[in-house]
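Chain naming here is simple, since letters A, B, ... match the order of the sequence lines and numbering starts at 1 in each.
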2 protein chains.
Amino acid sequence: MAATKDPRPCSIADALSLVGEKYSLLVLREVCLGNGRFDQLVRNIGAPRDILATRLRRLVEAGILTKRLYSERPQRFEYRPTQAGLELEPVLWTLKEWGDRHLRGGIDLPMALEHECGSELVPVVTCRACGDPVRHGELTAHPQAPGWTVSGPSAA
Amino acid sequence: MAATKDPRPCSIADALSLVGEKYSLLVLREVCLGNGRFDQLVRNIGAPRDILATRLRRLVEAGILTKRLYSERPQRFEYRPTQAGLELEPVLWTLKEWGDRHLRGGIDLPMALEHECGSELVPVVTCRACGDPVRHGELTAHPQAPGWTVSGPSAA
DNA sequence: CCCTGAGAGTTGGAAAATCAAACCCTCATC
DNA sequence: GATGAGGGTTTGATTTTCCAACTCTCAGGG
């Protein structure tokens, strides 16, 4: 999907070309919650069945989901996240956190995630090296490949 | 965009309905890098000009970007992230990290982000309460609103 | 044996979004 | 007066989405 001719080599664009189409990340949401059957997906996401079938094919061929047989006769399948799929979950958590705060004012949330530590999950993106929360002003972009130009703050 | 009739009240779906359309997150990428002028966006993203104009209108009305006059005569505008826009950046970082690792094998990356601590940014999503990195198995979903059903692991 | 129903899709045609290229408008400069 | 930059809008062809209906496989009941 995203930018077939993005003039920049970019992992964000590449990732979005796999999961940036309408419904794809909602499929991941459902599958990570364990709702991996076709009819569950249709009901819980509200997507047209044909589009959903297309997305599922694509996510499987991208290695983000796998199709698992859960009944031989009649043949019935279920979709589950692969390791790569599970590692995309942080994207969902940060999206959820943003939406909870900016779209719902942080109150009356429709769903809470509880961390094993016992409190509600509020995801914070930190720097692996120093462990500190990352903020916009603390970053500098370093283009390594041609195609990149950076102007303003966070320019290198 | 995403799921006009998502039967679940969900902040992820709501967030995606604002920034889930094709090119929207790439616009945010550019704007956060300081490349906020229309022609820069066209060139750096590779999107059709009319679509870009539509996205920009939408992102401004959603409060994610602002349009700033940077020249009176002739009138020239530039787009910049609002506070809400900046707070969406973590989504871009986690997407980049996933793409770097899963789509490029972690090597030969086209762009690096340097954290103020001096090392390259590798974003890690942590739990604000306990500070630990969050992993899939450590979460439990707690639906608070009707419309939610959770089956498998991470069910409540 | 026949009917119904669940589950997992596929098909066909109308409606909406995207795309590419050309165009427009306001100035500044030559 | 012509050229060019910047920031879009217009037009018409091409792709995607959308929706409803349909298919196929089997299980179970009467």
Quick one: which protein N/O atoms are closer than 3.5 Å to N/O atoms of nucleotides 11-17 of chain C? Pair and distance per line, please.
none

Is there a chain of hydrophobic side chains (I, L, V, M, F, W, Y, each step under 4.5 Å between heavy atoms) that links L65(B) to I51(B)? yes
Less than 4.5 Å apart, side chain to side chain, heavy atoms only: is that true for I12(A) and W93(B)?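 No, too far: nothing below the 4.5 Å cut-off.
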Would you call E78(B) and L69(B) a side-chain contact if the rule is heavy atoms closer than 4.5 Å? no
Quick one: [X] [atom1] to [N] [atom2], roughly how many Å, whole number?
X	N	atom1	atom2	answer
R43(B)	dA5(D)	CZ	P	10 Å
N44(A)	dG7(C)	CG	C1'	15 Å
F38(A)	dT25(D)	CZ	P	18 Å
D39(A)	dG9(C)	CG	C1'	9 Å
L56(A)	dA8(C)	CG	P	11 Å

Could you tell me whether the side chains of R128(B) and S119(A) share a donor-acceptor contact shorter than 3.5 Å?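 R128(B) vs S119(A): no donor-acceptor pair found between side chains.
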Judged by modelled atom types alone, do H115(B) and E120(B) share a side-chain donor-acceptor pair under 3.5 Å? no
Counting only heavy atoms and a strict 4.0 angstrom limit, can you tell me which residues of residues 68-78 of chain A come near DNA chain D?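 Here the set is R73(A), P74(A), R76(A).
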Identify, residue by residue, the members of residues 57-67 of chain A with a heavy atom below 4.0 Å from DNA chain D, and return them in order of residue number, or none. none
Rounded distance [0.5 Å steps], CG in L56(B) versus CD in E61(B): 11.5 Å
Return no unless some side-chain N or O of [X] is found under 4.0 Å from OP1 or OP2 of [N].
X	N	value
K22(B)	dT16(D)	no
Y23(A)	dC18(D)	yes
Y79(B)	dG6(D)	no

R104(A) atom CZ: more than 12 heavy-atom contacts under 6.0 Å: yes
Please say whether the positively charged group of R80(A), taken as NZ for Lys or CZ for Arg, lies over the ring of Y70(A), i.e. under 6.0 angstrom from the six-membered ring centre and within 45 degrees of the axis.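 No.
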Check whether NZ of the Lys or CZ of the Arg K67(A) lies under 6.0 Å from the centre of the six-membered ring of Y79(A) and within 45 degrees of that ring's axis.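 Output no; distance or angle outside limits.
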What pair of heavy atoms forms the shortest contact from R58(A) to S17(A), and how long is it?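 Looks like NH2-O, 3.1 Å.
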Could you walk me through whether R8(A) and T149(A) pass side-chain hydrogen bond (donor to acceptor under 3.5 Å, both in side chains), step by step? CA-CA 9 Å; R8(A) 308 191 152 185; T149(A) 46; 3.0 Å; yes
